[in-house]
Amino acid sequence: MTEKKLKVCVVFGGQSSEHEVSAVSAASVIDNLDKEKYKIIKLGITKKGRWFIYTGKTQKIADGSWQRDKDNLKQVVGSPSPVHKGLLVLEEGGWRSLKADVFFPVLHGIYGEDGTIQGLFEMACVKYVGCGVLASAMGMNKLYAKMAFESAGLPQAKWVRADRHELEHIEGAIDRIESKLGYPCFVKPANAGSSVGISRALNRESLAEALAVAALHDRQLVIEEAVVGREVECSVLGNRQVSAAAVGEVVSASGFYDYKEKYQTNTAKLCIPANLPEDTQALVRQRAILAFKAIDGQGLSRVDFFVRSSDNEVLINEINTMPGFTSISMYAKLWGAVGVSYSDLLDQLIELAMQREK
Ligand SMILES: Nc1ncnc2c1ncn2[C@@H]1O[C@H](COP(=O)(O)OP(=O)(O)O)[C@@H](O)[C@H]1O
Ligand SMILES: [Mg+2]
């Protein structure tokens, strides 16, 4: 008798500005999951937040045309009731629950990577890949992530917080930031991704503008001293036992890895492994694991750092609990560099989801 295949529900799209990036990552996940081991359910979430089971070609997920492939779409809703196991599908005769053994949310940004969909999975008592509610929420919020890193003793750039309402008294807010950080500094919405809403300020005038831009995206703002150095990233994997992969470097053309360089110009280069002394790489790996534990991470994360030019100090920048996840994304390539293939990685993530402790 053949062993029963594990039913894996791959969730893609979502309501965030990173909808398209998620679809490309998810298509890669679906293509590389071992079909001998898993039965795959493809769950697409539109930008408006409608949920569909999609039975058409995976290629159409990557190029976005799945939403027009009406014959292969069946509308479903997410249910928080443990009785429904997460998903309800409307059929003749009423609602039926559609059971998956494990959910794999390949979602970035708001409602996907921020603990909200993880909360739904928790309520429904279903297993899922990746970080839980708290870690996802902390990883997504740069302010609270910084607080967690600080209490774990991880070095980071000097930073201050600000709130949107303070901008009503902009001169006072700027005085406070200037006295603590000076220029240049980076202004970020606390909930950001893909560099959206982030700018570099060089003087009072550009700081005022940067604060106004960031405040369009979030009520909470973070301002940091600008670090002169190299940007490096490290992938981590595990629950209680966490391992770190190789360290990679992102070399951006402008020194600011912004939205254009991430998705449009293709001018940023990935260098794997990073061209850094072995002891610096070891420190990056060690701090990546510490950062993951500081937010109570589970499953996976990509942890991003600066290596400061003046003294080679390794400063944490941020943690991404669902990093770009195609087979050629930094996350997977850093594992590839230490001999873990992309399909192995998927197997391990599913195994970690099945074993997760409460
Ligand atoms: N404190 C800083 N010093 C120097 N460069 C920074 C700093 N903060 C951000 N950057 C630049 O801005 C980019 C985006 O910032 P980041 O905090 O990583 O936001 P996102 O979550 O959008 O990736 C970084 O990859 C880096 O190039
Ligand atoms: Mg980043």
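With contacts defined as side-chain heavy-atom distances shorter than 4.5 Å, the pair S65/K60 qualifies. Between F104 and V11 there is no side-chain heavy-atom pair separated by less than 4.5 Å. Within the 4.5 Å cutoff, the side chain of M322 has no heavy atoms near those of the L107 side chain. Looking at V76 and F52, their side chains never come closer than 4.5 Å, going by heavy atoms from C-beta outward. Between L211 and L221 there is a side-chain heavy-atom pair separated by less than 4.5 Å. At least one side-chain heavy atom of I61 sits less than 4.5 Å from a side-chain heavy atom of Y54.
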List the steps and the verdict of salt bridge (Lys or Arg N to Asp or Glu O under 4.0 Å) for R240 and E357. CA-CA 9 Å; R240 198 141 45 114; E357 287 173 53; 3.2 Å; yes

Before you tell me yes or no, could you show the steps for R204 and E171 under salt bridge (Lys or Arg N to Asp or Glu O under 4.0 Å), namely the whole-Å CA-CA distance, both residues' side-chain angles and the distance that decides it to 0.1 Å? CA-CA 9 Å; R204 278 185 91 84; E171 297 302 329; 2.6 Å; yes

Should Y342 and D347 be marked as a side chain to side chain donor-acceptor pair (under 3.5 Å) after you check the CA-CA gap, both sets of side-chain angles, and the distance that decides it? CA-CA 9 Å; Y342 189 65; D347 286 345; over 6 Å; no

Verdict with supporting geometry, E278 and R285, salt bridge (Lys or Arg N to Asp or Glu O under 4.0 Å): CA-CA 11 Å; E278 188 40 56; R285 276 196 287 273; 2.8 Å; yes

Determine whether S25 and H108 satisfy the following criterion, side-chain contact (heavy atoms from CB on, under 4.5 Å), listing intermediate values before the conclusion. CA-CA 10 Å; S25 292; H108 307 299; 3.7 Å; yes

Yes or no on salt bridge (Lys or Arg N to Asp or Glu O under 4.0 Å) for R230 and E249, after CA distance, side-chain angles and deciding distance? CA-CA 7 Å; R230 293 155 71 171; E249 180 174 359; 2.9 Å; yes

Would K5 and Y38 count as a side-chain contact (heavy atoms from CB on, under 4.5 Å) if you check the C-alpha gap in whole Å, the side-chain angles of each, and the deciding distance to 0.1 Å? CA-CA 5 Å; K5 289 185 188 176; Y38 310 113; 5.8 Å; no

Apply side-chain contact (heavy atoms from CB on, under 4.5 Å) to L33 and S343, showing your working. CA-CA 6 Å; L33 278 169; S343 329; over 6 Å; no

Using the ring-ring contact (aromatic ring centres under 6.0 Å, His included) rule, take F12 and W66 through it: C-alpha gap first, then chi angles, then the decisive distance, then the call. CA-CA 11 Å; F12 62 91; W66 66 277; 4.9 Å; yes

Derivation and outcome, side chain to side chain donor-acceptor pair (under 3.5 Å), residues Q220 and D163: CA-CA 5 Å; Q220 301 173 321; D163 288 281; 5.4 Å; no

Evaluate I272 against M330 for side-chain contact (heavy atoms from CB on, under 4.5 Å), listing each step before the verdict. CA-CA 9 Å; I272 302 170; M330 183 67 119; 3.8 Å; yes

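Taking CH2 of W51 as the reference point, atom CG of L73 lies at 15.5 Å (rounded to 0.5 Å). Distance check, rounded to the nearest 0.5 Å: SG of C234 to OH of Y331 gives 9.5 Å.
Side chain of S301 to backbone of V303: no donor-acceptor contact under 3.5 angstrom is found. Although no hydrogens or angles enter the test, the distance criterion places a donor-acceptor pair under 3.5 Å between the side chain of D218 and the main chain of N191. Between the S206 side chain and the L202 main chain, a donor and an acceptor come within less than 3.5 Å of each other. Listed for the S136 side chain is a donor-acceptor partner under 3.5 Å among the backbone atoms of G132. S329 contributes no side-chain N or O that, together with a main-chain N or O of A332, makes up a donor-acceptor pair within less than 3.5 Å. Looking at N32, its side chain does come within 3.5 Å of a backbone N or O of S28 through a donor-acceptor pair. Looking only at distances, no side-chain donor or acceptor of E233 sits under 3.5 Å from a matching main-chain atom of R302. Under the 3.5 Å distance criterion, the side-chain polar atoms of N239 are matched with a main-chain donor or acceptor of L352. At distances below 3.5 Å, not a single donor-acceptor pair connects side-chain atoms of S97 with backbone N or O atoms of K99. A donor-acceptor pair under 3.5 Å is formed between the side chain of K35 and the backbone N or O of D31.
With a 6.0 Å cutoff to the six-membered ring centre and a 45° limit on the axis angle, R356 counts as a cation-pi contact of Y128.
Between R287 and E313 a salt bridge is recorded (basic side-chain N to carboxylate O distance below 4.0 Å). No salt bridge links K142 with E224; every basic N to acidic carboxylate O contact stays at or beyond 4.0 Å.
Cluster membership check: I319 shares its hydrophobic cluster with V307, using side-chain heavy-atom separations under 4.5 Å among Ile, Leu, Val, Met, Phe, Trp and Tyr.
Considering only residues two or more places apart in sequence or on other chains, R96 meets the side-chain hydrogen bond (donor to acceptor under 3.5 Å, both in side chains) condition with E91. In this structure, the side-chain hydrogen bond (donor to acceptor under 3.5 Å, both in side chains) partners of K42, at least two apart in sequence or on a different chain, are T58.
Judged purely by distance below 3.5 Å, without hydrogens or angles, the side chains of Q118 and E122 never pair a donor atom with an acceptor atom. The closest side-chain donor-acceptor pair between D304 and N320 falls under 3.5 angstrom. Defined by atom type and a distance below 3.5 Å, a donor-acceptor pair is missing between the side-chain atoms of E231 and N317. Looking only at atom types and distance, the side chain of N203 has no donor-acceptor partner in the side chain of Y183 under 3.5 Å away.
Considering Q67, E20, H19 in turn, E20 is the only one that fulfils the side-chain hydrogen bond (donor to acceptor under 3.5 Å, both in side chains) rule with K47.
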